[in-house]
Amino acid sequence: MWKLSLEQIQREQNIRSLMTPSSDEEWEEKFQLERELQFDGRKQRQERLNMKSSSLLRNLPERFHPYIHNGMINQPELPATVRADLRACCKELLEQYYQTKDEEKHEEEQTENAINQLTDEYTAELLQMGFHDGQLLDYKRENDHFVLRLEADGFNKESFVTIHLYDGCLEDESVDLQEGLHWIYSEAIGINNRIGLRVIWEFPQQEWTVTASQVIMEKYYQPKNFVQLYSESLYTSERWPEVCRTLNPSHQYFLYTDKETIPLAKPEHWQDGLPITETGEAFYWQDGALYCNRGKHKLHVADSLQQLSSVLVTDVFEDAFAIFSLALPDEELEEAIKSKDIVLQTRAWNTLTSHPNPQRHADLINRELLYLNETLPASNFLVLSLYTRKFYEAGVLTDSTMEIMKVHL
């Protein structure tokens with residue numbers, strides 16, 4: 001039985017859209033922000049209500065219908081008593097939604113077993129976790145073989161994923177997948193010795209359901225050498241040859257284009273700063289773009305070295321930030337946390353936040369947390385919030401520290 005549907009997603013989104021500020025003071029703060037941003041919030045709320053009104057009339061009790069019809073349901077003029085009643089109603093509806101999801105968990109073991117029997121370990125894991133947040137680059141269907149090529153976003157450790165569905169059968173043949181759609185949610189279940197896959201897409205919103213006798217998902221990752229440089233805004237196209245020389249010689253590399261995944265020869269065989277294919281075809285620049293001859297057709301690969309670096313991938317995942325998780329010995333913490341080396345600083349803080357006895361370093365934590373509060377850019381408020389909450393819950397922070405840091409809880 002499917003737990004995911006477009007109707008359900010839209011219903012939840014519509015209910016959440018009514019969780020407006022709960023007090024006049026909160027509304028005033030919202031108005032202040034809108035004025036600063038020169039943003040017409042009232043107009044946007046009205047437009048959203050116009051789009052969602054029919055769904056809200058179906059899902060909300062009748063006592064709220066007059067406020068949907070007169071446009072006050074998501075505006076500050078909604079009477080305070082109705083506002084409080086509405087928030088309580090929305091909260092109850094969302095709790096019912098999550099309770100229903102919890103009650104359906106008993107079916108998960110049966111689904112898990114079915115999926116494990118019909119695919120490989122990686123695909124089973126990704127299907128059960130629910131791949132999300134990716135853009136459709138290409139969709140091909142040859143008889144009953146479906147192929148989806150996706151670019152993942154930052155929420156996934158994968159950079160690209162190719163999905164093969166064999167002996168596929170669509171629930172609704174009229175749903176047409178177009179390049180540029182965004183994969184938002186997905187669910188996989190076992191159905192009569194087949195795998196069922198349901199995807200909720202956005203831009204535009206649509207539901208796509210297919211069953212297949214086998215599903216294979218190929219995953220590709222950006223090399224950690226590039227990830228590290230990108231994360232520190234240090235990569236430029238001029239560094240392409242230098243970074244390529246540091247690639248792992250034991251890994252298989254590919255260029256992942258919209259239409260094709262091209263296996264490459266080992267980096268040591270690349271020529272003139274450009275890769276060559278596993279079968280020996282060279283890449284070449286023409287009219288400002290990089291191409292490769294693939295059989296009888298010319299394949300566009302990239303428009304610049306910068307873009308080329310974003311489609312260079314490997315099928316081996318290496319954690320570019322694993323070093324940050326390496327714990328430091330207690331005796332090195334103070335020197336590391338005061339270091340100008342960002343890696344050492346981060347390792348020191350990560351060691352302290354996961355320390356079995358942070359009380360042992362209470363003086364250091366209180367002193368350095370206050371120092372961070374004074375020196376860390378405002379854009380890093382989430383870091384301060386994380387550390388403050390962690391050490392507050394561990395009972396490490398003094399009263400004087402808490403008086404200053406309480407704004408971060």
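Ring orientation note: the planes of Tyr166 and His145 are close to parallel, at an angle under 30° on the 30°/60° scale. Relative orientation of the Trp240 and Phe226 rings is tilted, given thresholds of 30° and 60° on the angle between their planes. Between Tyr256 and Phe160, the angle of the ring planes stays under 30°, which puts this pair in the parallel group of the 30/60° scheme.
Between Thr236 and Glu238, the side chains place a donor N or O and an acceptor N or O closer than 3.5 Å (distance only, hydrogens not considered). For the residue pair Glu218 and His164, a side-chain donor N or O sits within less than 3.5 Å of a side-chain acceptor on the partner. Donor-acceptor pairing under 3.5 Å is lacking for the side chains of Arg48 and Ser17.
Under a 3.5 Å cut-off, the side chain of Asn366 and the backbone N or O of Val396 do form a donor-acceptor pair.
Met405 contributes atom CE, which lies 6.5 Å from atom CG of Leu370 (distance to the nearest 0.5 angstrom). The distance from atom CZ of Arg149 to atom CD of Glu179, rounded to the nearest 0.5 Å, is 11.0 Å.
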Salt bridge (charged side-chain N to carboxylate O under 4.0 Å, His left out), that's the test. Do Arg245 and Glu242 meet it? Break it down for me. CA-CA 5 Å; Arg245 285 194 293 270; Glu242 167 199 344; 5.9 Å; no
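A cation-pi arrangement is absent between Lys219 and Phe317 under the rule of less than 6.0 angstrom and at most 45 degrees off the ring axis.
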Identify each donor-acceptor pair in which a side-chain atom of residues 273-285 lies under 3.5 Å from a protein atom, sequence neighbours left out, and give them as a table.
residue	atom	partner	partner atom	Å
Thr277	OG1	Thr279	N	3.4
Thr277	OG1	Thr279	OG1	3.3
Thr277	OG1	Gly280	N	3.2
Thr277	OG1	Glu281	N	2.8
Thr277	OG1	Glu281	OE1	2.3
Thr279	OG1	Glu281	OE1	2.4
Thr279	OG1	Glu281	OE2	3.2
Tyr284	OH	Asn293	OD1	2.9

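Remark: of the listed residues Glu28, Glu36, Lys30, Glu36 is the sole one forming a side chain to side chain donor-acceptor pair (under 3.5 Å) with Gln32.
For Arg141, the CZ atom is densely surrounded, since the number of other residues' heavy atoms within 6.0 Å is greater than 12. No more than 12 heavy atoms of other residues, nucleotides or ligands shown are found within 6.0 angstrom of CG on Asp363.
Pairs passing the ring pair (Phe, Tyr, Trp, His ring centres under 6.0 Å) check and including a residue from residues 384-409, sequence neighbours excluded, read Trp349-Tyr387.
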